[in-house]
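Only one structure is covered here, and it is reproduced in the block below.
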Amino acid sequence: MRKKIVAGNWKMNNTLQEADQLVADVIRLLEETVLKDVTIIFAPPFPFIISPCLTNIIASKNKDNIFVAAQNCSSQ
């Protein structure tokens with residue numbers, strides 16, 4: 001069976017606070033569903049990738065199927 005992956009790359013469409021809230025909301029919704037066999041990848045805007053709030057939200061869930069990815073840093 002193929003591995004299921006859900007990845008979100010929202011470019012530069014959110015502020016840091018909106019990005020943190022988006023991650024928290026998505027994780028909360030996933031916890032309410034049966035998506036334990038799905039790999040989740042968040043790709044926030046590059047300046048937010050090391051946001052303490054964002055990484056703490058993900059790390060606090062102690063899940064081995066949730067990851068943070070980097071986007072291309074080019075302005076083109």
Side-chain angles (χ1 to χ4, degrees):
M1 177 187 290
R2 287 184 176 199
K3 187 171 189 169
K4 297 176 185 134
I5 299 173
V6 176
N9 175 347
W10 58 86
K11 300 289 182 203
M12 297 180 71
N13 292 314
N14 289 325
T15 64
L16 177 57
Q17 294 78 19
E18 291 168 338
D20 289 338
Q21 188 62 52
L22 177 63
V23 169
D25 290 346
V26 168
I27 291 174
R28 181 179 41 76
L29 289 171
L30 292 173
E31 288 175 337
E32 296 171 1
T33 65
V34 187
L35 290 179
K36 295 172 179 53
D37 63 336
V38 176
T39 298
I40 308 300
I41 303 171
F42 293 100
F46 185 75
F48 304 162
I49 203 162
I50 58 169
S51 155
C53 292
L54 185 96
T55 54
N56 287 341
I57 290 167
I58 293 170
S60 71
K61 298 306 175 182
N62 198 20
K63 306 245 186 239
D64 58 357
N65 66 329
I66 300 176
F67 300 92
V68 176
Q71 297 182 39
N72 185 335
C73 300
S74 173
S75 63
Q76 302 299 316

Tightest non-hydrogen contact, residues Thr15 and Glu18, listed as N-OE1, 2.8 Å
Heavy-atom nearest pair, Pro44 first then Val68, reads CD-CG1, 4.1 Å
Rounded to the nearest 0.5 Å, the CD1 atom of Ile66 sits from the CD1 atom of Ile41 at a distance of 11.0 Å
- Should Leu16 and Phe42 be counted in the same cluster of Ile, Leu, Val, Met, Phe, Trp and Tyr side chains packed under 4.5 Å apart? no
Between Asp20 and Phe48, is there a side-chain heavy-atom distance shorter than 4.5 Å?
no
Rounding to 0.5 Å, atoms CG (Asn65) and NZ (Lys4) come to a distance of 12.5 Å
* Hphob cluster co-occupancy, Val23 + Phe67, side-chain heavy atoms under 4.5 angstrom -> no
